[in-house]
There are 2 protein chains.
Amino acid sequence: MTVTLADVAARAQVSPATVSRVLNGNYPVAAATRERVLRAVDDLDYVLNGPASALAAATSDLVGILVNDIADPFFGIMAGAVQSEIVGPGGRAGGERLAVVCNTGGSPERELTYLTLLQRQRAAAVVLTGGAVEDAEHAKAISGKLRRLADAGTRVVLCGRPPVPDADAVALAFDNRGGGKALTDHLLDLGHRRIGYIAGPEERTTTRHRLEGHRAALAARGVPDDAGWTVHGPYDRRSGYEATVELLRRAPSLTAVVAANDTVALGACAALREAGLSIPGDVSVAGFDDLPFSVDAVPALTTVRLPLAEAGARAGRIAMGREAAPAGGMAVVQGELMVRRSTGVPSKA
Amino acid sequence: MTVTLADVAARAQVSPATVSRVLNGNYPVAAATRERVLRAVDDLDYVLNGPASALAAATSDLVGILVNDIADPFFGIMAGAVQSEIVGPGGRAGGERLAVVCNTGGSPERELTYLTLLQRQRAAAVVLTGGAVEDAEHAKAISGKLRRLADAGTRVVLCGRPPVPDADAVALAFDNRGGGKALTDHLLDLGHRRIGYIAGPEERTTTRHRLEGHRAALAARGVPDDAGWTVHGPYDRRSGYEATVELLRRAPSLTAVVAANDTVALGACAALREAGLSIPGDVSVAGFDDLPFSVDAVPALTTVRLPLAEAGARAGRIAMGREAAPAGGMAVVQGELMVRRSTGVPSKA
DNA sequence: CTGTTAGCGCATTCAT
DNA sequence: ATGAATGCGCTAACAG
């Protein structure tokens, strides 16, 4: 029924091994026979059996990409960049690798499950994006799983995620703390002293680092940080909206709101507008990430640009061994403060 | 080195066949032996070899999802929805299927390449999203490829894409024409008569259908359609910006601009603002898709909501055989006109 | 440069 | 309910 390599060999009048060599191209084959084989492949409309190939060679051409939410451009941009760099040797159409995108929803269990599934597939590499959940037990489980993946020959790269101890994984970490500090420094420079903070989900490295940067900036100037001015919530628009309503209730005197990311900031802006407050006239707003839509927000959003595409591309190249891993197995990727119109001098007393 | 099923069998003192049966669960096994096997699996930290399993069983648990651009939420939302519905039988963690997301960039060649790659992997199903390129030769190639995939047992579902002749593929098509017509009808109702149109890339079904809807609305009211008022470009922000600059140059008297999608509309808004024009005071703007950020645009964007998540989820279920295919192998998914603040009564004469 | 020979690890007949 | 045997389709030594 289905055409196999042996069929091709028969038609080209060569041995199966030769066909295999032609197809994989990592072995010298006479030009004439190659032609003959290729023609036979074409004639028979032959398609290599991936599983069989992977079984025999003990490696597959699948690359796993773990993301929290593929519908979020933050992850979509990184995933796309990784995928663009995992082309096979020679860049040939047939030699490409496939990206397996796994939506973890930020759940540690699903993360583990997907890693096991990728291990089962004998994935060539795995790229983990997004912040990690801060839980000792889970951290150990992940670390062990990553180690076993690496032992099995799967290259592991962390993109936008802090290093994992004892895991033999290359880490490209975003400087969330530095970015968070730069953002709040900017607001302090403008004269803000009562700044609300809409943080991401608790127990996340990203959340904690950004918040730490914020607090470090405040502490450096001796500005008091009221605990009630910080609210946690998921990384979505609704969370920004609701958190802002809550902040406005708790502390109507706030002159600025820093959001966990741009999406949250958009929700915050909506809530402020509905409350009849102008931005930045009454309240300044800042985001994080600089997603594509942020420059088109009205007013354009002050935020910290993270080079998502560049980081993803680099992670992809490292995962493919096409680029050397950074010294020490880790690199810090800096963000860049983008000052736009959503932040200004506070007008309230 | 690596633990195999045989190792597990030895430890559990059963035959490899029994272990296989326990793992797959599609065969009666005594509770006691099952326990023993499961314990052995745990003790040895055994992970099934996917390729070997796929080779022996002649099916894999990979599901392909073709998208134009995974960084675009339009596709990210659909991909995420598909992925959420392709859980394996029983919903068990270990029984899940993996989503292979393929970024085609809208290129027919890459589309074909990825389909071949998925065929090679013996994918359980393939979901194609996004509009198709309108080219006879390519259409035939795709059609043939899809047929062969279906013949090999891969279920094929088109999501947001018109049916493919002779391909035995279920199609969930968006009513782009109806949506386009509703949008332009809305503008005509408001009194607009000089409407610019920023269309998507040429030779795309999505582009053509939306444009046809626009023209049908104009024709129905006898409103002339100046060829110079339509500009084509990619589905991105920049295209919207540049096209709007061009439209403003060509026809300063336009009172409304309809964009190919929301992202393009955002670019159009930016260009209008820079030109000192107010929205909708001077020019009304409308988008398409109703992506999450559109409601937060200022002014909030009038657009056509496409139920991307619902369609993707349904495509996923159909791909898994968990939902019956629609009668005739195709269903039309309606959009919904969302009238918001970016459109209003024209002020110009 | 090419053919021959063995498995890769598992699912599935058949037996029992 | 379980075990033994066979082959899925391919790659990787090893010869020649």
Side-chain angles (χ1 to χ4, degrees), chain A residues 1-38 40-41 44-62 88-89 94-95 119-124 152-153, chain B residues 1-38 40-41 44-61 89 94-95 117 119-122 124 152-153:
Chain A
M1 182 63 219
T2 150
V3 182
T4 76
L5 189 144
D7 298 330
V8 175
R11 186 171 231 273
Q13 314 201 54
V14 294
S15 74
T18 300
V19 177
S20 173
R21 294 198 259 256
V22 169
L23 261 31
N24 290 314
N26 348 308
Y27 217 82
V29 172
T33 42
R34 146 170 291 122
E35 281 311 313
R36 206 140 34 86
V37 170
L38 255 23
V41 166
L44 266 39
D45 214 9
Y46 169 70
V47 175
L48 188 71
N49 184 317
S53 170
L55 172 58
T59 58
S60 80
D61 43 4
L62 296 178
Q119 181 182 5
R120 170 183 299 189
Q121 295 297 335
R122 305 302 189 251
Chain B
M1 182 63 219
T2 150
V3 181
T4 76
L5 191 147
D7 299 329
V8 175
R11 186 172 232 273
Q13 314 200 56
V14 295
S15 76
T18 301
V19 177
S20 173
R21 296 197 257 255
V22 169
L23 260 32
N24 291 314
N26 350 309
Y27 214 83
V29 172
T33 44
R34 146 170 291 121
E35 280 311 313
R36 207 139 34 87
V37 169
L38 255 23
V41 166
L44 296 172
D45 216 8
Y46 169 70
V47 175
L48 188 71
N49 184 318
S53 170
L55 172 58
T59 58
S60 80
D61 43 3
L117 253 30
Q119 183 182 5
R120 170 183 300 189
Q121 296 296 334
R122 305 303 189 252

Pairwise distance CG(B:Asp7) to CG(B:Asp45) - rounded to 0.5 angstrom: 12.5 Å
Between the protein and nucleotides 7-10 of chain C, list the N/O to N/O atom pairs that are separated by less than 3.5 angstrom.
from: C:dC10; atom 1: OP1; to: B:Tyr46; atom 2: OH; distance (Å): 2.0
from: C:dC10; atom 1: OP1; to: B:Asn49; atom 2: N; distance (Å): 3.4
from: C:dC10; atom 1: OP2; to: B:Leu5; atom 2: N; distance (Å): 2.4

Do the non-hydrogen side-chain atoms of B:Val22 and B:Leu38 ever get within less than 4.5 Å of each other? yes
Would you find a donor on one side and an acceptor on the other, under 3.5 Å apart, between the side chain of A:Arg36 and the backbone of A:Ala12? yes
Go through the structure and list residues passing side-chain contact (heavy atoms from CB on, under 4.5 Å) with B:Ser60, not counting sequence neighbours. B:Ala54, B:Leu62
Mind checking salt bridge (charged side-chain N to carboxylate O under 4.0 Å, His left out) for B:Arg11 and listing every partner two or more places apart, or none if nothing turns up? B:Asp43
Residues 13-29 of chain A vs side chain to side chain donor-acceptor pair (under 3.5 Å), sequence neighbours excluded, gives A:Ser15-A:Thr18, A:Ser20-A:Asn24
Between atom CZ of A:Arg122 and atom CG of A:Asp61, what is the distance when rounded to the nearest 0.5 Å? 15.0 Å
Distances under 3.5 Å only, N/O to N/O: pair up the protein atoms with those of nucleotides 1-5 of chain C.
from: C:dT2; atom 1: OP1; to: A:Thr33; atom 2: OG1; distance (Å): 3.0
from: C:dT2; atom 1: OP2; to: A:Ala30; atom 2: N; distance (Å): 2.7
from: C:dT2; atom 1: OP2; to: A:Thr33; atom 2: OG1; distance (Å): 3.0
from: C:dG3; atom 1: OP2; to: A:Ser15; atom 2: N; distance (Å): 2.9
from: C:dG3; atom 1: OP2; to: A:Ser15; atom 2: OG; distance (Å): 3.3
from: C:dG3; atom 1: OP2; to: A:Thr18; atom 2: OG1; distance (Å): 2.8
from: C:dG3; atom 1: N7; to: A:Arg21; atom 2: NH2; distance (Å): 2.7
from: C:dG3; atom 1: O6; to: A:Arg21; atom 2: NH1; distance (Å): 3.3
from: C:dG3; atom 1: O6; to: A:Arg21; atom 2: NH2; distance (Å): 3.3

